[in-house]
Amino acid sequence: MQIAMDGPAGAGKSTIAKRVAKELQITYLDTGAMYRAITKGVMDHGISFHDQKAISQYAKQAVIAFEGNRIFLDGQDVTEAIRTTEVSAHTSDVAPIPEVRSVLVKAQQQIAEGTDVIMDGRDIGSRVLPNADYKFYLDAAVSERAKRRYEELKAKKALEGKTLSDIEADIEKRDYLDSHRKVDPLMCCEDACRIDTTEMSIDQVCARIIELIKDPKDGEAL
Ligand code: DC
């Protein structure tokens, strides 16, 4: 079984996908973490974010590995290091590069081969797993997504001085860049089920998704 879960930043994709994976006992793959890891590697190697050629070369030889819920880059555990606001901001410089996407999409497709998997990202239904059995597009109002991200960072003591309106502005900027890039932009596929999570709890969204997977006969596009 292959499940694609796309949507903008802060829509709840990773929390929901992890829960659904646990419930269905399938693999969860966070594809955003892979773009973040390459961005971290670019920073660590002192490569300029304007040098697309050097970034592509680096991406081709970088080794990304998952162990449980931890991610390793070139043998180093970068699970926490890829979540800083600096990495978040610069991932928008790295993710649009076609060669980077091609390397990571291939790796994601290899991981999915012969495995029951739920993947979250921006281009899973459209590009990585176009034949996925189920496609979901999670969305929420930008103010709600900012509030969720603010609470998450506050709980982790990782606000780095940012206010709620700074976070909302960051999210709006990322939404724009993710949905306007030339290669594999963020989009809701025609055959995806769109769920607006603005007024829903995590439990409600998970229950809805599990229900749709177990019994997709109520007219929803899946
Ligand atoms: O889901 P996230 O916020 O961790 O993603 C980080 C960045 O990576 C985000 O700016 C969009 C990009 N991304 C992408 O272009 N394609 C994916 N499949 C996943 C993430």
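We count ligands from 1, going down the list as the structure has it; atoms in each ligand are counted the same way.
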Nearest non-hydrogen partners of Ile64 and Ala37, listed with the distance =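 Heavy atoms only, the tightest pair is CD1-CB, 4.2 Å.
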request  = Select all protein residues for which some heavy-atom-to-ligand 1 distance is less than 4.0 Å, and list them by chain and number.
outcome  =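 Only Thr31, Gly32, Tyr35, Arg36, Arg83, Thr91, Ala95, Arg101, Gly121, Arg122, Asp123, Arg174, Asp178, Arg181 have heavy atoms that fall under 4.0 Å of ligand 1, ordered by chain and number.
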ask   = Ion pair present between Lys18 and Asp120, side-chain N to carboxylate O less than 4.0 angstrom?
value =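 No salt bridge links Lys18 with Asp120.
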inquiry  = Taking the basic N atoms (NZ, or NE/NH1/NH2) and the acidic carboxylate oxygens, is any pair closer than 4.0 Å for Lys162 and Glu168?
reply    =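 Salt bridge flag = no for Glu168 with Lys162.
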query = Is there any ring-ring contact (aromatic ring centres under 6.0 Å, His included) pair reaching into residues 66-110, and which pairs are they, with sequence neighbours excluded?
reply =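 Non-adjacent pairs meeting ring-ring contact (aromatic ring centres under 6.0 Å, His included): Phe49-His90.
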message = How long is the straight-line distance from CD1 of Ile171 back to CG of Asp166, given to the nearest 0.5 Å?
response =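 The distance works out to 11.5 Å.
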query = In this structure, which one of Arg148, Glu144, Arg145, Lys13 forms a side-chain hydrogen bond (donor to acceptor under 3.5 Å, both in side chains) with Thr197?
reply =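 Of the listed options, the one satisfying the test is Arg148.
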